[in-house]
Amino acid sequence: MKRIILHIDMDYFFAQIEERENPRFRGKPVVVGADPKGGQGRGVVSTANYVARKYGIHSALPISKAYELCPQAIFLPVNMELYQKVSEKIMEIVKKYSPKWEIVSLDEAYLDLSHIFRDREKVSIENTWMEAKKIGKNLKREIFEKERLTSTVGIGPNKLIAKMASEKGKPNGLLVIKPNQVKEFLEPLDIEDLPGIGPKTAEKLRAIGVNKIKGLKRLSKSKLKDLFGKWGEAIYERARGIDEEPVTSEEIIKSIGRQITFEEDTRDPEIIFKNFEYMIREVHQELLKNNFSFKTITVICRYQGFETYTKSKTLKEPTNDFEILKSEAKKLLLRFLIEGKKLIRLIGLRLKIGY
DNA sequence: AAGTTCTTATTAC
DNA sequence: CTAACGGTAATAAGAACTT
C-alpha cells in the first residue's frame, strides 16, 4: 500500500525557545547545555543556534571545546521543564493533522498522511502530493502562529525518506520527495546522512572506498551482511530508500535507568554511595509509577580515562521490591570499587523490565 | 544443543 | 598531554553459563 509520510523537526529547538523567551539573544551565539565553567566544564552541548554553529559548535560537542571556540557565546543551562511544556503544546497541534501520529522526541514527530489518497476522490497522484505539501505548510504556519517557533517538514513515501528530507530542508524548510525522486535524492548524499550509519560504520565503509550512498548501493546484500551483520541487511534496503516501518504511537518501555558523571573523578565512598542511593530511589519511583517489575539490574562504571564497564544480575523472578533492588545494586557497585583502583568518573544503574 | 545470562559496541536524540 | 566527550534508551552480537 502506497503511503505519504510527513516528518516534522523543530529548528534548533532548545536554543530557539531560549531566543523566544529572551529576544535580546537574537543574532548572538546561543549554546544550551552544560555549564562551561570557564572552559573546565565536563558536559556537552545540547543545542546551539545557527549563529553559534558558524563557530563550529554543534550538538554533543564537549562544552569545554565549545567554550574554546566561542567564549563570548551565551551559555544557558538546559531548562527541560520549559522545553517539555512547549513540546506538549506543539505535539497537540501536530496530532490534529492526522489520526496516525508518532512522537519521536521533544522536537520530532511523524504523521501518516496516507488517508488523503482516499479522502480526495478523483484527484491525481500529483495533486495528492501537492495536498501533502499544503498540509505541511499549514502545520508549520500554525506552530509558528501559536508558538512563534520555526520548524522543518520533510515529506516522502516512508519514514526514512521523510526524515532525511526534513534533515536536508532545515532550517525553516519544507522538502517533498516523491517516489520517483527518491533515487536522485539519495545517491549524491554522504553515507552518514543515512540514519543508522554512524561514525563507526561510516569509517569502515570509507576504508573500502565508499563515501556516497551511490557507492553504498554497489555493495551486495551479502557483503553488507558480512561487514555489519543483521544491520547490514537493513542498510542495503535503506540505501535504496526502502522502509516499511509504520507510524505508530504505542511505545513500550523496556528499561529504566539513571547515570551521573561526577564533578570530579573520585573514589570517595561517601560521594559515590550518596549519589547511587539517590539514583536507586529515582529509578524505583519510576518503576512503580509505571507499574513495572524488573528482572535484571545493570550497574555501569566509567573510570578516569573513559573506559566503561558494566556488571549485571538477573533475578529468578521479576520483582518491584525496593530492598532487593537496593541490596543487589549495591553489591554490583561494590564489585567495581573492590576490583577497580582507578578514579571513577561516572556511575549508572539500569533495570530491564521483566514480563 | 538450546536457552539464558553477561558484557560490550553502536546508534540516536 | 592532544583530545575535549551528558543522559536515556534500544538493539545487536558474541562469549560464557546453565539446563
Side-chain angles (χ1 to χ4, degrees), chain A residues 7 9-10 12-14 31-37 39-47 56-69 77-78 80 83-84 87 102-110 159-160 163-164 166-167 191-205 225-235 238 245 251-263 265 275 279 282-283 286 290 295-316 332 335-336 345-354:
Chain A
H7 181 254
D9 200 333
M10 299 303 298
Y12 64 106
F13 190 47
F14 296 177
V31 179
V32 178
D35 184 349
K37 295 183 174 168
Q40 308 306 305
R42 309 189 85 173
V44 298
V45 173
S46 282
T47 318
I57 297 172
H58 54 84
S59 296
L61 186 76
I63 202 73
S64 54
K65 184 70 187 172
Y67 187 82
E68 189 186 314
L69 290 169
V78 177
M80 201 52 91
Y83 313 148
Q84 223 138 24
S87 174
E102 177 177 340
I103 296 169
V104 182
S105 66
L106 287 186
D107 76 324
E108 254 185 73
Y110 290 99
K159 283 164 81 170
L160 175 73
K163 180 166 176 58
M164 294 179 76
S166 70
E167 198 58 45
I191 46 178
E192 276 168 295
D193 289 333
L194 200 64
I197 297 189
K200 302 288 181 178
T201 308
E203 198 40 60
K204 282 190 204 167
L205 286 169
K225 164 126 201 195
D226 289 348
L227 285 171
F228 306 114
K230 196 174 171 172
W231 245 121
E233 297 175 287
I235 290 172
R238 287 171 168 227
E245 287 303 304
E251 43 174 324
I252 305 140
I253 298 170
K254 291 166 184 162
S255 71
I256 294 174
R258 290 286 184 280
Q259 63 178 56
I260 57 136
T261 296
F262 298 119
E263 308 236 330
D265 301 343
N275 279 282
M279 289 165 49
E282 283 229 316
V283 168
E286 199 172 329
N290 288 285
K295 200 164 182 296
T296 304
I297 304 171
T298 302
V299 170
I300 305 124
C301 182
R302 174 172 294 155
Y303 293 104
Q304 185 167 51
F306 230 69
E307 316 111 282
T308 309
Y309 303 93
T310 66
K311 291 190 190 297
S312 64
K313 160 106 183 171
T314 300
L315 308 175
K316 295 270 183 305
L332 292 168
R335 284 167 57 195
F336 280 118
R345 179 187 183 93
L346 165 153
I347 54 170
L349 171 68
R350 182 157 292 279
L351 303 182
K352 222 148 278 164
I353 305 310

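Predicted model, so just to flag it, every value in this text is computed and none were measured. Reminder, nothing fancy here: chain letters follow the sequence lines and each chain counts from 1.
Candidate nucleotides dG6(C), dT7(B), dG7(C) were compared by shortest atom distance to the side chain of Leu346(A), and dG7(C) ranks first. Closest to the side chain of Pro62(A), out of dG7(C), dC5(C), dT11(C), is dC5(C). Among the nucleotides dG6(C), dT8(B), dT8(C), the one closest to any side-chain atom of Arg350(A) is dT8(C).
Regarding Arg345(A), its CZ atom lies at a distance of 9 Å from the P atom of dG7(C), rounded to whole Å. Protein atom CD of Glu233(A) is 11 Å distant from nucleotide atom P of dA12(C), rounded to whole Å. In this structure, Phe262(A) places its CZ atom 13 Å from P of dG6(C), rounding to the nearest Å. In this structure, CZ of Phe306(A) is placed 5 Å from C1' of dC5(C), rounded to the nearest angstrom. Atom OH in Tyr309(A) sits roughly 13 Å away from atom P in dT7(B) (whole-Å rounding). The CG-C1' distance, from Leu227(A) to dA12(C), rounds to 16 Å in whole Å.
Taking the C1' atoms as reference points, dC5(C) lies 16 Å from dT10(B), given to the whole Å.
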Do any N or O atoms of the protein come closer than 3.5 Å to N or O atoms of nucleotides 9-13 of chain B, and which pairs are they?
unit_1: dT11(B); atom_1: OP1; unit_2: Gly198(A); atom_2: N; d: 3.1
unit_1: dT11(B); atom_1: OP1; unit_2: Thr201(A); atom_2: N; d: 2.9
unit_1: dT11(B); atom_1: OP1; unit_2: Thr201(A); atom_2: OG1; d: 2.4
unit_1: dT11(B); atom_1: OP2; unit_2: Lys200(A); atom_2: N; d: 3.1
unit_1: dA12(B); atom_1: OP1; unit_2: Gly196(A); atom_2: N; d: 2.5
unit_1: dC13(B); atom_1: OP1; unit_2: Lys163(A); atom_2: NZ; d: 2.6
unit_1: dC13(B); atom_1: O3'; unit_2: Ser105(A); atom_2: OG; d: 2.8

**Contact state string [nucleotides 14-19 of chain C, B base, S sugar-phosphate only, - no protein heavy atom under 4.0 Å]** = ------
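Contact annotation: the side chain of Thr201(A) approaches that of Ile235(A) to within less than 4.5 Å [non-hydrogen atoms, C-beta and beyond].
Note on Ser312(A): a side-chain N or O is less than 4.0 Å away from OP1 or OP2 of dT7(B).
Heavy-atom nearest nucleotides on DNA chain C were determined for Arg258(A) and for Phe228(A), and the one closer to the 5' end corresponds to Arg258(A).
Remark: Asp193(A) pairs with Lys168(A) by the salt bridge (Lys or Arg N to Asp or Glu O under 4.0 Å) rule, at least two apart or across chains.
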